[in-house]
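Accompanying notes for the structure given below.
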Amino acid sequence: MISWDKNEKVRSSVLGFIKSGRIPHAIMIEGESDDCKLQLALYIAAAAVCDSQGSPCGQCKNCHLASVGTHPDITRVSAIDGKKFLSVAQIRELRADAFVKAHSASHRVFIIEDAHRMNEQAQNALLKVLEEPPKNVIFILLVPSKTILLDTIISRCVLLSLLESVALDNTNSETADKFIDLLLSGSEYEMLKLLTPLEKSRADAEDFFKALSVCAAKRIKASGGHARVLDALFDDTKYYLDLLATNINMPLLISLAVSRSKGLLDK
Ligand SMILES: [Zn+2]
């Protein structure tokens, strides 16, 4: 995992608004790594609840509670166990909760993990509170790519992008886009032909699957009828990256990725 503070641009904007004591009330963090995004969100949350201004001091009671994950003013919201999507009821509950005063800190922070798992109705419910946020409340949305959310939500948030440049590299994105096109047209043989060169290099395969994850995420919003397939493909890229980290045989991984992806269309 690359730590968020290795990203100079993100680091300077985060330290900037924390030092000035003006943390934006709506922040969106995009990036491939869930751990990395969460780590950044928790750092901002700790800074927001800390007694001293400027950075999380690490000494006060609020910092202590934040570091062990039990701070009453830091709420993490994710899809309920077994459910794939954040329900509109959850967002309404969060909205009501946001109007309750902070328990022990000066601010309340809501971290919405997997914010891309909000359907349009849930996003619109959230939009209402982002438009007229209660005082001293901070919302942090974690997404693989900002493009998945409604433009109205994006425009309300300060964006912190942790996307690795490899995933944004044109060659990787083109291959990933092509793979998705072939998948949606059901061309298993062409998919295999496209990915076979990756068998030679684990590093290239890793770059490809990272790019695929971002491309799949980006296309979920645009693709109406294929949203389910793209969403499943997005989840699968994490699985392939996990397999790559093991000593898996490369031709096996490539043929697995092709047949499993093709299978998504048939489901
Ligand atoms: Zn502190």
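The structure displayed is predicted, hence computed values, not measured ones. When a ligand or atom number is given, it counts from 1 through the structure's own listing order.
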Self-check item: Glu30 and Ser161: CA distance, side-chain angles, deciding distance, side chain to side chain donor-acceptor pair (under 3.5 Å) verdict
Solution: CA-CA 5 Å; Glu30 66 170 2; Ser161 181; 2.7 Å; yes
Quiz item: Is Arg156 salt-bridged to Asp151, going by a charged N under 4.0 Å from an acidic O?
Solution: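 Looking at Asp151 together with Arg156, the answer is no, because their closest N to O distance does not fall below 4.0 Å.
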Quiz prompt | Partner set under ring pair (Phe, Tyr, Trp, His ring centres under 6.0 Å) for His116, not counting sequence neighbours | solution = Phe234
Quiz prompt | Under-2.8 Å protein N/O/S neighbours of the Zn ion (ligand 1), ordered by chain then residue number | solution = Cys50 SG, Cys57 SG, Cys60 SG, Cys63 SG
With a 3.5 Å cut-off and no angle check, do the side chains of [X] and [Y] form a donor-acceptor pair?
X	Y	value
Ser3	Asp5	yes
Ser106	Asn136	no
His71	Asn62	yes

